[in-house]
Student: 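First, the structure itself, so that you have it in front of you.
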Amino acid sequence: MKRHDVLILGGGLAGASAARVAHQAGADVAIVSKLSPLRSHTVAAAGGINAALAAGDTWEGHAFDTIKGSDFLADQDSVEILCREAPNLIVEMDHLGTPFSRDESGTLFNRPFGGMRQARAFFAGDRTGLALMQTAWEQLVKAGVTLYEEWAATSLIVENGRFSGLIAYRIADGTLEEFQGKAVVVCTGPGGQMYLKSTNAVTCTGDGTALAFRAGCALKDMEFVQFHPTSLHGPNILITEAARGEGGILKNAKGERFMEKYSPKMVDLAPRDIVSRSIQTEANEGRAFPGGYVHLDLTHLGAARIKERLPEVYQFSTEFAGVDPGKEPIPIEPAQHYIMGGIATNNAGATNVPGIFAAGECACVSLHGANRLGGNALLECIAFGKHAGAAAAAFAKKTAQIAGGEQILQQEDRRVDWLLKTEGGERVEALRLELKQVMWDNVGVFRNEQDMAAALAAVRALRKRYPSIRVGAPGKQFNYALIEAMELRNLLDLSEVIVMPNRDDPNWLKHTLAWWRGDRIELTYEPVRITQWQPQERTY
Ligand SMILES: Cc1cc2nc3c(=O)[nH]c(=O)nc-3n(C[C@H](O)[C@H](O)[C@H](O)COP(=O)(O)OP(=O)(O)OC[C@H]3O[C@@H](n4cnc5c(N)ncnc54)[C@H](O)[C@@H]3O)c2cc1C
């Protein structure tokens with residue numbers, strides 16, 4: 001058994017930000033992470049991080065764009081916090097050593113991003129997430145925060161309605177252990193691997209979201225899934241929005257700049273939901289290339305500019321599509337990218353279960369409503385990672401540790417043992433693939449009643465088949481087949497929550513809350529918090 005005041009589950013940008021602040025507040029902090037922190041999905045973030053930092057920009061402008069982008073379903077008091085704090089957070093990261101791109105005079109460069117009326121995405125080439133993650137990571141090494149890396153959490157322990165610890169599985173040797181803590185900040189990141197086409201890393205399986213859900217935390221707005229318009233056709237590697245921020249143009253198979261039709265004002269830089277639906281409409285109406293892709297044309301920028309500002313776009317296009325973006329357009333298609341919903345928290349990162357906090361992509365504060373604007377996710381990780389870390393440390397200070405994870409540990413031990421020995425006929429990877437196909441075909445870029453009903457029935461049927469799985473590898477050392485079996489359970493549970501909510505137009509200005517009731521999932525609703533921006537028609 002291990003014991004620390006504050007446990008941080010996940011070592012990505014949100015977890016690292018939470019850990020730093022909790023440590024500074026004097027708490028004994030430990031990070032428990034399935035991956036080595038520098039392999040977290042944050043390092044794949046490319047395009048930028050938003051702040052109203054340029055001359056003439058205001059936090060109110062940033063907030064309004066974010067709220068309009070969310071289709072007025074974000075909580076406006078939370079968005080105000082994000083946008084007010086953003087400029088100082090960028091300056092802080094700069095001072096801590098993030099190598100932001102700048103001009104000859106030393107001023108930070110910024111670029112326009114979708115749905116923003118002003119250029120306010122700051123960047124380090126197109127490796128912004130990697131740069132921020134390295135900075136955040138260095139601070140943890142410097143502070144000497146304890147790290148348990150390659151430990152996958154399998155459950156959160158709640159005793160008498162309060163958090164008391166978690167169980168984690170050590171991937172290297174199969175040790176299952178209880179970690180006691182007074183508070184936990186769940187920072188387990190994205191979970192888009194239930195979709196066939198996704199820009200998320202294969203490790204993004206929504207583990208912490210599912211663990212918190214099963215431990216009694218409400219999940220908020222899970223039906224809102226973002227599809228990024230420009231992933232590389234085939235491997236679905238993200239081609240960052242920065243490519244359009246730098247001047248990239250979308251064209252259909254007839255060579256038409258089709259976004260002029262769908263978004264006369266913002267054209268190629270309309271918000272992601274609008275661009276994805278436009279591409280899908282072009283494909284549905286027969287104006288895409290065979291296989292359903294369209295072109296992203298950067299040729300007018302020239303190879304030198306692309307290599308300077310978008311080195312990863314250059315590399316991915318040449319290596320994975322065999323296309324030199326300086327000479328030919330890049331074949332792109334929409335893919336799942338981000339889940340706006342997640343573990344419901346207040347502005348301090350607290351959930352409805354005392355002692356459980358959450359931050360980053362797995363949380364829903366809510367800042368993004370029905371559609372997130374590019375560049376706001378990295379910002380959320382730092383801003384609300386810090387709030388959650390501070391709140392968890394304060395909570396731990398005034399709380400006594402409660403014991404009692406022994407029973408859960410035994411239960412988890414039996415479950416792992418069962419997974420290792422079970423001889424069922426269902427292969428884990430085959431079930432995962434079926435789930436991905438169901439979700440992509442039925443609840444992808446467009447959702448309608450009939451397909452959603454089909455998806456719900458299919459997901460429930462897949463969940464019923466889960467007890468008949470077969471891991472097929474009995475070993476304890478680096479048994480990734482076992483890890484994938486545990487991940488599949490999380491993906492299945494979350495998929496059901498994603499497909500459950502029904503459309504209800506008369507009552508549309510609402511949040512959906514999903515509750516785990518063991519045998520079934522229950523939905524409740526709460527109003528959206530509005531401060532100063534009244535809902536209006538969303539045209540661009
Ligand atoms: C390809 C791509 C590009 C993006 N580009 C941008 C961009 O330019 N700008 C922007 O603002 N946003 C961008 N985003 C979104 C943004 O990067 C993410 O929302 C954000 O980085 C998530 O950070 P996080 O700390 O919440 O999660 P992560 O960085 O994914 O970290 C999650 C951590 O949780 C740990 N973990 C997971 N499961 C378990 C478990 N069971 N037990 C223990 N630990 C666990 C992992 O080890 C990992 O350390 C992009 C996303 C993608 C996929």
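All residue numbers refer to positions in the sequence shown, counting from 1. Whatever order the structure lists ligands and atoms in, that order sets their numbers, starting from 1.
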Student: Salt-bridge test for R415 and E412: reply yes if a basic N is under 4.0 Å from a carboxylate O, no otherwise.
Tutor: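 A salt bridge is present here (some side-chain N lies under 4.0 Å from a carboxylate O).
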
Student: To which of G360, C381, G12 does the heavy atom nearest atom 22 (C) of ligand 1 belong?
Tutor: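 The nearest heavy atom belongs to C381.
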
Student: Please identify which atoms of ligand 1 are closer than 4.0 Å to at least one heavy atom of V32.
Tutor: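 Per the distance check, 43 (C), 44 (N).
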
Student: Taking atom types as modelled and ignoring hydrogens, do the side chains of N236 and Q336 form a donor-acceptor contact shorter than 3.5 angstrom?
Tutor: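 The answer is no; no qualifying pair exists.
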
Student: Return the closest protein heavy atom for atom 42 (N) of ligand 1 as residue, atom name and distance.
Tutor: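 Of the protein heavy atoms, A153 N, 2.8 Å lies nearest.
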
Student: Counting heavy atoms only, name the option from A45, A377, G48 that's nearest to atom 9 (N) of ligand 1.
Tutor: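 Closest candidate by heavy-atom distance is G48.
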
Student: Which of the atoms of ligand 1 are close to D207, meaning less than 4.0 Å from one of its heavy atoms?
Tutor: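 By the 4.0 Å cutoff, the relevant atoms are 38 (N), 39 (C), 40 (C), 41 (N).
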
Student: Please check whether A152 reaches ligand 1 - meaning an N/O of the residue sits under 3.5 Å from an N/O of the ligand, judged on distance alone.
Tutor: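 No, no N or O pair falls under 3.5 Å.
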
Student: Quick one: is the NZ or CZ of K197 closer than 6.0 Å to the six-membered ring centre of F227, and within 45° of its axis?
Tutor: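 Judged by the rule, K197 and F227 form no cation-pi pair.
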
Student: Report the member of A14, G11, G15, A335 with the shortest heavy-atom distance to atom 25 (O) of ligand 1.
Tutor: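 Of the listed residues, A14 has the closest heavy atom.
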
Student: Which option out of A363, P190, A168 puts a heavy atom nearest to atom 30 (O) of ligand 1?
Tutor: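 That would be P190.
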
Student: Just which atoms of ligand 1 are under 4.0 Å from any heavy atom in L13?
Tutor: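 Answer for ligand 1: 25 (O).
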
Student: Relative to F109, does R309 satisfy both conditions: NZ or CZ under 6.0 angstrom from the six-membered ring centre, and within 45 degrees of the ring's axis?
Tutor: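 Geometry flag: set, cation within 6.0 Å and 45°.
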
Student: For the residue pair D221 / H368, report whether a side-chain donor-acceptor contact shorter than 3.5 Å exists.
Tutor: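 Result is no, nothing qualifies.
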
Student: My understanding is that only residues two or more places apart in sequence, or in another chain, count here; which of them pass salt bridge (Lys or Arg N to Asp or Glu O under 4.0 Å) with D94?
Tutor: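 Salt bridge (Lys or Arg N to Asp or Glu O under 4.0 Å) list for D94, sorted by chain: R102.
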
Student: Between T128 and A46, is there a donor-acceptor pair closer than 3.5 Å when you use the side chain of the first and the backbone of the second?
Tutor: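 Yes, because the side chain of T128 sits within donor-acceptor range (under 3.5 Å) of the backbone of A46.
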
Student: Using heavy-atom distances, let me know which of G189, C187, G375, A358 sits nearest atom 33 (C) of ligand 1.
Tutor: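 Result: the heavy atom closest to atom 33 (C) of ligand 1 is in C187.
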
Student: Using a strict cut-off of 4.0 Å, indicate which atoms of ligand 1 neighbour a heavy atom of H41.
Tutor: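 Answer for ligand 1: 1 (C), 2 (C), 28 (P), 29 (O), 30 (O), 51 (C), 52 (C), 53 (C).
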
Student: Does some non-hydrogen atom of G374 fall short of 4.0 Å from ligand 1?
Tutor: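 No, G374 has no heavy atom closer than 4.0 Å to ligand 1.
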
